[in-house]
Structures are given as C-alpha cells and as structure tokens.
Amino acid sequence: MGEKELRRSLSVLPIGTVMKLTNLTARQIRYYEEQGLVLPKRNEGNRRMYSLNDIDRILEIKDYLSEGMNIADIQSVFAKREAKRKREQAALSKSISDDEARRLLHKEFLNLGGLAGNNNDPFNNRL
DNA sequence: TTTCTCACA
DNA sequence: TGTGAGGA
C-alpha cells in the first residue's frame with residue numbers, strides 16, 4: 001500500500017463531519033454500518049472515526065440508493081468488487097513471482113557460465 | 001457539545 | 001428512518 005492510499009485509509013473524521021460532507025443524518029450513517037456497508041474504526045471513547053475512503057463509500061451508497069437500489073443490491077456490488085480486488089491482487093503477486101523467477105534464472109545462467117569458464121556471456125558487461 | 005446505545009404513542 | 005432518553 002502506498003503512502004497516498006494509507007492516508008485515505010486513516011480514520012480521522014467524526015460522524016458530525018461525515019454528516020456535513022454527505023448531507024446524511026447520523027441515524028442513516030450508523031444504519032449503513034449496521035448493514036455492513038461501511039466499517040468505521042472506533043476511538044478510545046467508542047466514537048466512530050471515518051476515513052476518506054469511508055466517505056467515498058458512503059457517497060456511493062447514497063447514489064445507489066437514490067438510483068433505486070436496496071441495501072442487499074449494494075452489498076452484492078461491494079462483495080463483487082472485493083472479489084475482483086482479490087483476484088487482481090493474486091494476479092499481481094503472481095507476476096511479481098514470475099519476475100523474481102526470471103531474475104533467479106538469469107542469475108543461474110551467469111553462474112553456469114562462470115563454472116564452465118565461459119567468457120562469452122552477452123550480459124557480462126551490462127550487469 | 002458531540003456522540004453513543006436503546007427503544008418506540 | 002425519525003426521535004427522545006440517559007449516559008460518557
């Protein structure tokens with residue numbers, strides 16, 4: 001996770017700020033949490049603290065609701081998005097592994113050349 | 001003052 | 001989803 005994403009994930013906004021930013025009532029915001037649509041952190045005093053990502057999430061919920069979707073619909077939308085995120089994350093780590101494998105193979109190639117006393121490694125002067 | 005949980009003439 | 005109680 002990059003620095004920027006980390007900041008967007010920091011839960012620093014109290015519900016009052018979220019109310020102003022989203023134009024929703026505290027009741028509604030808490031209800032969406034009850035339905036598992038948003039998962040704000042809690043501070044020492046049991047107060048809900050929201051991140052910028054939570055704000056985006058809530059605004060998205062608000063839009064979907066105004067478009068006629070119900071809570072269940074929205075839950076499935078987020079569920080599918082999460083599934084996709086996992087798939088892409090898996091693909092990403094696989095590509096990293098492949099890249100790592102390539103480096104190891106190249107390293108082996110260089111070692112083989114050295115063991116055989118081979119002096120015509122084309123990459124010899126570049127690596 | 002703000003936010004929390006709980007409950008419903 | 002609104003609203004009030006009673007507490008932190």
Side-chain angles (χ1 to χ4, degrees):
Chain A
M1 203 187 274
E3 182 90 5
K4 204 158 75 179
E5 292 68 52
L6 194 74
R7 281 194 237 278
R8 287 185 182 296
S9 299
L10 288 183
S11 302
V12 295
L13 314 170
I15 200 168
T17 301
V18 181
M19 290 173 68
K20 293 172 183 171
L21 257 28
T22 64
N23 199 34
L24 290 170
T25 65
R27 180 79 169 79
Q28 293 173 302
I29 297 169
R30 294 188 189 114
Y31 178 67
Y32 301 154
E33 178 186 358
E34 263 184 59
Q35 303 309 306
L37 265 30
V38 276
L39 37 166
K41 297 289 185 301
R42 296 287 185 127
N43 65 12
E44 320 68 48
N46 193 40
R47 260 112 172 107
R48 276 168 263 252
M49 298 304 275
Y50 300 81
S51 68
L52 294 179
N53 282 329
D54 290 330
I55 301 295
D56 281 344
R57 186 107 163 172
I58 294 172
L59 288 173
E60 208 180 332
I61 294 169
K62 194 185 171 190
D63 285 341
Y64 287 148
L65 252 25
S66 71
E67 288 170 19
M69 288 178 73
N70 57 44
I71 299 295
D73 293 330
I74 301 175
Q75 289 176 329
S76 73
V77 167
F78 287 153
K80 289 188 177 182
R81 180 175 303 173
E82 172 64 3
K84 183 195 296 176
R85 191 191 66 69
K86 279 187 179 178
R87 276 188 281 109
E88 297 181 335
Q89 136 69 27
L92 178 62
S93 59
K94 178 177 183 303
S95 73
I96 288 176
S97 294
D98 289 348
D99 188 58
E100 204 50 45
R102 249 176 262 120
R103 296 186 187 191
L104 290 174
L105 278 175
H106 187 238
K107 186 178 179 183
E108 269 192 55
F109 169 71
L110 294 179
N111 285 334
L112 284 175
L115 288 171
N118 187 324
N119 198 37
N120 21 0
D121 172 7
F123 299 109
N124 206 29
N125 295 317
R126 283 184 261 172
L127 300 176

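Throughout, protein chains are lettered first and strands after them, A, B, ... in sequence-line order, and every chain is numbered starting at 1. Just so it is clear, the structure is predicted and the values come from calculations on it, not from any experiment.
In this structure A/Arg57 satisfies the salt bridge (Lys or Arg N to Asp or Glu O under 4.0 Å) test with no other residue, sequence neighbours excluded. Applying the side-chain hydrogen bond (donor to acceptor under 3.5 Å, both in side chains) criterion to A/Thr22, with sequence neighbours excluded, gives no partner residue. With sequence neighbours excluded, no residue forms a side-chain hydrogen bond (donor to acceptor under 3.5 Å, both in side chains) with A/Ser76.
Across residues 54-72 of chain A, not one residue has a non-hydrogen atom less than 4.0 Å from an atom of DNA chain B. For DNA chain B, the residues of residues 20-42 of chain A within the heavy-atom distance limit of 4.0 Å (strictly under) are A/Arg30, A/Arg42, sorted by number.
For A/Ile58 against A/Val18, the heavy-atom pair with the smallest separation is CD1-CG1, 3.7 Å.
To the nearest 0.5 Å, atoms CZ (A/Arg30) and CZ (A/Arg48) are separated by 5.0 Å.
Side-chain contact of A/Asp54 with A/Ser51: a donor-acceptor pair under 3.5 Å is present, judged by distance alone.
Between A/Arg81 and A/Arg85 there is no side-chain heavy-atom pair separated by less than 4.5 Å. Counting only heavy atoms from C-beta outward, the side chains of A/Ile74 and A/Tyr32 never approach each other to under 4.5 Å.
Every stem involving DNA chain B, taken as at least 3 paired positions in a row under the Watson-Crick or G-U wobble test at 3.5 Å, is listed here: B:4-8 with C:2-6.
Salt-bridge formation is detected for the pair A/Glu3/A/Arg7: a Lys NZ or Arg NE/NH1/NH2 atom is positioned less than 4.0 Å from an Asp or Glu carboxylate oxygen.
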